[in-house]
Every structure is written in structure tokens, then in C-alpha cells.
Engineer: 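Attaching a single structure in C-alpha cells format; questions to follow.
In each ligand, atom 1 is the first atom listed, and ligand 1 is the first ligand listed.
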Amino acid sequence: MKVLVLNAGSSSLKYQLIETDDEKVLVKGGIERIGIEGSNLTQKSEKGEYKVEKPLADHTESFDLLIGCLTSPAFGGVLKDISEIDAIGHRVLHTGTDFKGSVLVTDGNLAILEKNIPLGPLHMPANIACIKSCMKVLPGVPNVAVFDTAFHTTMPDKAAMYAIPYEDYERYKIKRYGFHGTSHKFVSEEAVGYLRSKGLPWDKIVTCHLGNGSSITAVKDGKCVDTSMGMTPLEGVPMGTRSGDIDASVVEMLCDRKGMTPAEVTQYLNKKSGFLGVSGVSSDSRNVLAEAEKGNYRARLALDMFTYRVKKYIGAYAAAMGGLDCIVLTGGIGENSAPLRKDILEGLEFLGVVVDAERNEKCPRGRIFELNTDGSRVKILVIPTNEELVIARETRDIVKKA
Ligand code: AMP
């Protein structure tokens, strides 16, 4: 089955065309700067790499261009006709409290997605616009919504609720939803498969998705029981530009002292904080690390705050699950940054976590790799994430069932 996977951000649209029979990526592309000057599409297939620069007002125009490029030999398109697309899988931000897993898009489900726009005002309109474009341009081709929050719907209430008056949860659905669900699902399933194949315990895993956005998840018996992001992706560990956990009273103080509105403070905590705000250097951990190595105190502090808080979440989740069998590291930092992995993992020996310094330094890219010493009770696995593949697999399964 040929599945087109669409991942729409507020001003971007990433896509892959995947043949699910052999899980081969036929085309990989992305559109940037939608609705902003300089919009462009890049597309890569076995025929080469191509770039189109064209003003694109919105996601509907962007989707029309994408479809044109998939079928155009001049841009490396591999389809003779769009009718070769069997199904479309959409990364959708929010289940709200309505869905527990991926769903076939129907008129009824689309109305529920629209109702949930307030839970993701930046992403949900883009997700919905893409779904509507697909329904128009490819009528009869099934669309499946695969949610970023779905993997976390198994969290028990004691982990998912905020301790605010209960009526406001009922009225406004204010609770912890968690994000990066497709990534945590993918790497935790890969870890379970790996550990089981070696006859090792696999029921208590902490998955750390560490990238520009970062989140940590406790996975017990294959199910999420807690995760670090909350009602929005702001909660949890410090990130590229997000503060992570913070005392909510800081919001009022910033409004009073700096004359900011609450919306401006939300923007400040999401876009100007984290690595960028603390270091004053960059949101990219590589740039911050390079400065820290030159002796820049604020750059070192930004990284130390990050690794310290990831370590605290790992300890907290071991306590929540009553033990720990495996730590998984994934995302741009988790897969690639040996110095940050070292700072996170060292000092957890009391939990049975013993990292092998040489394996950490020499960790190869693109495959599952153990960082632990042979004697370490807890396995430490680097697992490359693949969110698009999860979306393609879920889409195939839902369409086959339907
Ligand atoms: P992501 O959001 O998953 O793309 O991850 C972005 C983060 O990963 C940034 O902080 C990058 O500095 C970091 N990163 C990506 N590639 C590398 C690499 N090869 N070595 C070290 N850090 C990397």
C-alpha cells in the first residue's frame, strides 16, 4: 500500500510517500515558510533532489503544489498519477478527550477535530486544512488521523490531572495530554522487541525524546503511565526555546514587572527561554556546547539545567514504575550528542544504570545501539526515531480494518 504521510506545522508541511509492504520511503519532502515570503518546497527521491520556490498563501495551496511535484518527473516525482496513492496518514496534534488512538477521518470525526482547535490553536487549523485539501483533491482516498497525544491516553488520572478545581477540568478539559506520542510509541516498541529477543526484562522503560523539543515518558508493560509534557508542549524539561516546568506565579510577575500580557508571557516561555534564553547563544545544543567548551558560564548552565532535569525525570519515573529495566534515548540530541548523554546518564549507578564511556563516544548512527556496560543491570539503548513510519503503519492498519 502506498501511504502519503503529511505532517503539517503552523507554517510548514513535511511529507513522505511510503510503500508499506517493504516500508520503503519513495519520496521525502518539505514545504517551508507557508504564508511567509520565501516559501519553497524541497523533494528527494531516487531520481534526485529538487527545489521549487513559489509564493504559497496557505496549506491548501501548499498541498496542491506537493501533489503536482509527486507526479512530476521534472521534480523527481515517482507517481504516474495521483490515483496510485492508496491512503493518507495525517499527523494531528490533539486527541482532546475524544479519541484513544488513530481514527479514519469521517465528517463526524472532522467536526470533533474542529471542536478541539482551542487545544492546539497553532497546529490544529493546519492539520484540518490539509485533511480538507486531501478530501477535495483525492476524493475516495481514505484519510487517517494519527495523534501526537494518543500514546499518552493510557496515563492514569493521578498522573494526567492538574490539582486545580475539578470543575475546570470538566468545563475546559484542562489536563496533561503529553506530546511526541508517535516517537515514544515507536522507540518503546522497538525497545520491547529488542529486549524480548534477548530474554531480558522489558516492562519498565523510560523513553527520552531529546531534540529541539524534549519529553520523557514512563512506559510500563508497553503503555504510557506518565510523560513530562502537559496540556501543551511547554511543560517538562528545558528545551531549545521552551522553559519547561516553571512556577505559574512567574507569569503574573512578568506581567507586572515587564508590562507583558499573559499571551506575551506564553510566547516568551515558548520561544525565548530554554537553551536560547539561559545561554543567550542559541537554541541549538551544538552551538551552546561549543560555547560552553570555551568557558561560557551561561552556556554551561543551560546544558547543566537540561541534563540535570532529564536525570531527575528518569529517577522520578523509575520511582513511579517501581523499578527500571531500560532507558531509551532518541531525537537529535539523544541520537547524536555523546557529551549530553554522558551528563544525563552518569550518577544513576544507584539505579543499576552504568554507561560505557567508549560505547557512548562511538555510538553509530541509524541503528539500535547499547550504551551500557556488560554488567549494567539496566539497558541503555539509543534508538533512531521514525514518526513517519508509525503514521504509515497506523494508516495501513486502520484502512485495512475499515
Ligand atoms: P531534533 O529536534 O530532533 O531535530 O533535534 C535538534 C537538536 O539535536 C539540536 O539541539 C541539535 O543541536 C541536536 N543535534 C542534531 N544533530 C546533532 C549532531 N549530529 N550532534 C549533536 N547534536 C545534534
Side-chain angles (χ1 to χ4, degrees), residues 7-16 28-30 32 42 44 91 93 122-123 148 178-188 190 207-217 227-229 232-234 236-244 270-294 296 298-310 328-345 355 357 359-367 369 371 381-391:
N7 179 359
S10 49
S11 64
S12 66
L13 177 55
K14 289 189 231 148
Y15 61 99
Q16 287 191 12
K28 191 173 178 175
E32 290 176 327
T42 47
K44 204 171 156 186
R91 180 180 185 179
L93 185 74
L122 287 180
H123 289 83
D148 229 26
F179 296 86
H180 290 143
T182 47
S183 178
H184 290 290
K185 177 182 164 72
F186 180 78
V187 297
S188 62
E190 290 282 299
T207 51
C208 307
H209 179 109
L210 309 177
N212 191 34
S214 295
S215 61
I216 325 294
T217 295
T227 192
S228 61
M229 284 179 166
T232 75
L234 182 56
V237 296
M239 310 175 210
T241 59
R242 294 188 189 116
S243 64
N270 272 292
K271 297 280 178 204
K272 296 190 176 152
S273 302
F275 291 159
L276 177 66
V278 176
S279 72
V281 172
S282 169
S283 61
D284 189 302
S285 67
R286 278 172 291 196
N287 301 340
V288 183
L289 187 61
E291 275 300 307
E293 282 168 352
K294 287 187 218 154
N296 180 326
R298 280 175 51 183
R300 173 53 58 199
L301 177 64
L303 298 176
D304 285 350
M305 288 168 72
F306 170 71
T307 56
Y308 174 67
R309 289 215 227 162
V310 174
V328 178
L329 298 153
T330 193
I333 294 173
E335 291 172 38
N336 299 298
S337 182
L340 297 189
R341 286 194 304 241
K342 172 175 176 285
D343 287 352
I344 291 165
L345 297 164
V355 61
R359 285 188 195 167
N360 183 40
E361 282 298 330
K362 295 192 173 152
C363 177
R365 299 227 170 115
R367 66 179 172 91
F369 191 73
L371 300 186
L381 302 178
V382 171
I383 303 183
T385 194
N386 194 339
E387 292 169 277
E388 288 76 15
L389 186 56
V390 174
I391 297 170

Engineer: Could you find the nearest protein heavy atom to atom 20 (N) of ligand 1 and give me its residue, atom name and distance?
Structural biologist: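 Going atom by atom, the protein heavy atom closest to atom 20 (N) of ligand 1 ends up being Asn336 CB, 3.4 Å.
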Engineer: Got a protein heavy atom sitting under 4.0 Å from atom 4 (O) of ligand 1?
Structural biologist: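 No.
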Engineer: Just wondering, do Glu335 and Thr385 contact through their side chains at under 4.5 Å, heavy atoms?
Structural biologist: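 Of all side-chain heavy-atom pairs linking Glu335 with Thr385, at least one is under 4.5 Å.
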Engineer: Any side-chain to backbone donor/acceptor pair from Thr307 onto Leu340? Under 3.5 Å, distance only.
Structural biologist: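 Not at all, since once roles are kept as given, no pair shorter than 3.5 Å links the two residues.
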Engineer: Students should be able to answer this: which protein heavy-atom is nearest to atom 11 (C) of ligand 1, and at what distance?
Structural biologist: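 That would be Asp284 OD1, 3.4 Å.
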Engineer: Which protein non-hydrogen atom lies closest to atom 14 (N) of ligand 1, naming both residue and atom, and how far is it?
Structural biologist: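 Protein heavy atom at minimum distance: Gly332 O, 3.5 Å.
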Engineer: Taking Gly334's backbone N and O only, do any of them form a donor-acceptor pair with Arg341's side chain (distance below 3.5 Å, no angle check)?
Structural biologist: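 Answer holds: yes.
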Engineer: Could an N or O of ligand 1 be found under 3.5 Å from any N or O of Ile333, whether backbone or side chain?
Structural biologist: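 Ile333 vs ligand 1: N/O contact under 3.5 Å present.
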Engineer: Do me a favour and list the nearest non-hydrogen protein atom to atom 19 (N) of ligand 1 with residue, atom name and distance?
Structural biologist: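 So the nearest neighbour among protein heavy atoms is Arg365 NH2, 3.3 Å.
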Engineer: Assess the residue pair Glu293 and Val288 against the criterion (side-chain contact (heavy atoms from CB on, under 4.5 Å)); give the C-alpha distance rounded to whole Å, side-chain angles, the decisive distance to 0.1 Å, and a yes or no.
Structural biologist: CA-CA 9 Å; Glu293 282 168 352; Val288 183; over 6 Å; no
Engineer: Give me the residue, atom name and distance of the protein heavy atom closest to atom 21 (C) of ligand 1.
Structural biologist: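 Looking at atom 21 (C) of ligand 1, the protein heavy atom closest to it is Arg286 CG, 3.6 Å.
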Engineer: Please verify the inter-ring angle class for His180 with His209; under 30° counts as parallel, over 60° as perpendicular, anything in between as tilted.
Structural biologist: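 His180 and His209: parallel rings.
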Engineer: Backbone N or O of Ala338 within a donor-acceptor pair of the Asn360 side chain at under 3.5 Å?
Structural biologist: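 Answer holds: yes.
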Engineer: What protein heavy atom is closest to atom 6 (C) of ligand 1, reported as residue, atom name and distance in Å?
Structural biologist: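 That would be Asn212 N, 3.5 Å.
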